[in-house]
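Single-structure report; data block below.
Since this is a predicted model, take the numbers as computed values, not measurements.
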Amino acid sequence: MADGLYERIFELAKRRGFLYPSFEPYGGAAGFYDYGPLGAQLKAGIENLFRRIFVVEEGCAEISCPAVTVEEVFVASGHVAKFDDPVVRCQNCRSPFRADHLIEEAGYKGNAALLKNEEIDALAKKLGVKCKNCGGPFGAAYRQNLMFKTEIGPGSGKVGYLRPETAQGIFVDYPYLYRYFREQLPFGVCQIGRAYRNEISPRQGVLRLREFNQMEVEVFIDPQKLTHAKFARVQGTRLRFLPKASKEIVEMTIGDAVAKGVVANEALAYYLVLVDRLLTQAGIDPKRLRFRQHEDDEKAHYARDTWDAEFQSERFGWVECVGIADRSAYDLTQHAKLSGTPMRAVRRYETPQKREVVQVRSVPAKLGPLFKKEAGAVTAALLALPADRAEAAAAAKEVEVIVDGRKVTVPRAAYDVVRETVTVAGDDYVPNVIEPSFGVDRILYAVLEHSYVETTKEGEAYTVLRLPLAMAPMQVGVFPLMPKDGLDAVALDLLHKLQAAGLRALYDESGAIGRRYARMDEVGTPYCVTVDYDSLKDQSATVRERDSTKQERVRFTDLVDHLRRRFSPFRDS
RNA sequence: GCGGCCGUAAUGUAGUGGCUAGCAUUGGAGCCUUCCAAGCUCCCAGCACGGGUUCGAAUCCCGUCGGCCGCACCA
């Protein structure tokens with residue numbers, strides 16, 4: 001048997017069909033794993049739990065966007081710049097270094113990552129940067145791209161990237177979603193899907209993958225109303241916090257955490273509670289779960305505040321599996337700016353307000369012949385003039401506007417100054433975003449590790465996967481005590497009834513009965529039904545429970561209901 | 001990406017240049033067996049990949065891929 005707990009869990013996962021290294025016959029590739037028959041079901045269980053909480057209970061809208069994404073999206077999001085780290089290598093010992101870090105350490109003020117390669121080379125020379133290992137000279141800087149790049153369309157098609165997070169698809173669809181929710185904030189939109197990062201060095205099994213699974217929620221909210229309608233219901237929930245700059249985990253209610261300023265606001269706090277609920281219902285041990293706040297220098301540039309949900313792993317220590325970020329208005333602002341599509345919401349007044357507006361309007365009959373093709377742009381520039389300049393223009397002989405960076409003089413005859421009273425319903429604003437972002441693969445590993453229990457039975461090592469009912473890949477094992485005397489036929493009939501009732505059930509008649517229980521325990525199957533000789537007389541069977549190994553006699557006619565109501569009603573919804 | 005260690009069946013392993021690569025568990029077929037990995041018989045299944053050295057390579061050398069650890073990087 002393998003030495004470490006991690007090795008034993010992984011061995012089980014591989015042997016029993018949870019996880020396989022991808023492409024094994026061809027030698028494999030780091031950072032890719034297949035989900036086997038049981039792993040795929042476990043993953044589905046986690047995803048269904050997410051849907052139950054966020055889509056059903058919270059009313060979030062689930063959407064699904066392409067993984068292949070046009071370049072512009074990630075230019076706007078900052079990923080093209082962010083995932084392109086400049087690297088230099090020592091020409092002597094080949095050690096690679098982050099060039100921007102070297103230059104900033106050597107005294108450069110500013111964000112060196114934004115510099116061009118040539119500028120980095122020049123600065124490295126000027127600042128006398130040498131290899132930290134051996135003191136050797138560096139070669140030319142190059143970019144280490146962490147996004148998978150591809151081409152859209154044949155030949156010299158459009159540049160595309162495989163998305164490094166599913167979030168951007170939601171942001172880009174914001175205008176549609178705003179209308180879908182009938183222009184009422186707050187609303188949440190979520191997406192379950194694959195994301196891709198060409199990691200330099202994937203390690204730690206399924207914890208750091210090049211292709212991985214995310215479940216992300218983007219909650220769009222008015223930054224002036226960072227409260228939550230249902231916060232009162234959850235304020236007594238106790239969570240374990242590790243606030244920034246502190247060394248110790250403190251446990252307190254989420255209500256106290258907000259009152260004491262540990263968590264910035266109710267809205268963010270509410271989602272910490274939902275994350276906690278999902279993780280613990282999935283089977284992560286609450287005692288090995290904490291919420292850690294990012295240090296100020298650790299936060300992404302768009303984030304105002306970030307909390308990570310971390311589980312404790314025997315092998316890897318505290319591992320992040322969910323990030324709950326306050327992304328502020330960053331993403332929508334960027335997409336509005338780069339795409340030209342407004343990404344706004346309206347904060348309505350209680351009663352619409354009347355406002356006096358002064359506008360400069362073109363007189364098309366005069367302005368058209370004067371400016372010809374530019375007339376449209378000039379008209380827009382006139383309209384955009386602020387109130388004071390519009391007032392001044394009324395009495396002047398002409399007015400100057402900037403069109404395409406040039407000054408243009410418009411004679412008085414070509415415009416009118418119009419004063420009118422308009423009714424305004426509210427102010428435009430860019431919504432803020434609170435983002436709980438779940439790493440499915442990491443959660444799945446955490447669930448495996450925290451469910452994995454080793455005991456002894458009759459002096460022999462014995463393994464049980466104590467998965468929550470809602471997570472169990474296989475729900476019921478059905479066995480004849482002996483595969484003969486008609487017991488097998490009865491058991492098969494029960495199997496088919498359970499399957500028809502929507503339960504994932506497995507028939508097994510091989511080996512001794514204890515061996516079959518052991519097989520089911522090892523993959524976390526909560527119940528086993530055994531048909532024995534009495535069954536033929538009394539039309540009932542034994543239902544054996546995984547964790548207690550207790551047995552109960554249940555009549556055939558009650559069996560389906562007996563088992564079905566034990567499984568969470570939402571398991572396959 | 002760098003350095004160290006490593007790669008034999010689904011899993012855990014034995015095998016230091018020479019027979020059909022051994023063992024255990026698992027899995028399969030069967031016998032037996034009236035509720036927690038019993039026993040017996042038989043069977044399936046392996047030297048990561050590619051080169052090289054050699055009469056001969058699982059074994060030695062090189063490369064690739066993969067794993068673990070450290071460094072670096074990083075949600």
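Using a 4.0 Å cut-off between charged nitrogen and carboxylate oxygen, K497(A) and D493(A) count as a salt-bridge pair. Checked for salt-bridge contact, R516(A) and D521(A) miss the test: no charged N lies under 4.0 Å from a carboxylate O. Between E545(A) and K550(A) there is no salt bridge, since no side-chain nitrogen of the basic residue lies less than 4.0 Å from a carboxylate oxygen of the acidic one. With salt bridges taken as basic N to acidic carboxylate O contacts below 4.0 Å, none links D558(A) and R553(A). Salt bridge present: E7(A) and R315(A) bring a charged side-chain N and a carboxylate O closer than 4.0 Å.
Between K14(A) atom NZ and G7(B) atom C1' the separation is 11 Å, expressed in whole Å. As rounded to whole Å, 20 Å separates atom P of C73(B) from atom CG of L207(A).
Each of R519(A) and A29(A) was assigned the nucleotide of RNA chain B with the nearest heavy atom; the assignment lying further toward the 5' end belongs to R519(A). When the nearest nucleotides of RNA chain B are assigned to D508(A) and F316(A) by heavy-atom distance, the more 5′-ward of the two goes with D508(A).
Judged as a side chain to side chain donor-acceptor pair (under 3.5 Å), and not counting sequence neighbours, the contacts of Q191(A) are R163(A).
When side chains are defined from C-beta on, L506(A) does not count as touching V476(A), because their heavy atoms never get closer than 4.5 Å.
Of the candidate nucleotides C35(B), C36(B), C69(B), C35(B) has the atom nearest to the side chain of R553(A).
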Polar atom pairs between nucleotides 29-33 of chain B and protein, under 3.5 Å, N or O only, would you list them?
none

Give me the distances for all protein-to-nucleotides 62-64 of chain B N/O pairs that come in under 3.5 Å?
none

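To the nearest 0.5 angstrom, L12(A) atom CG is 9.5 Å from E454(A) atom CD.
In this structure, R546(A) reaches neither bases nor backbone, as no heavy-atom distance under 4.0 Å exists between it and the strands shown.
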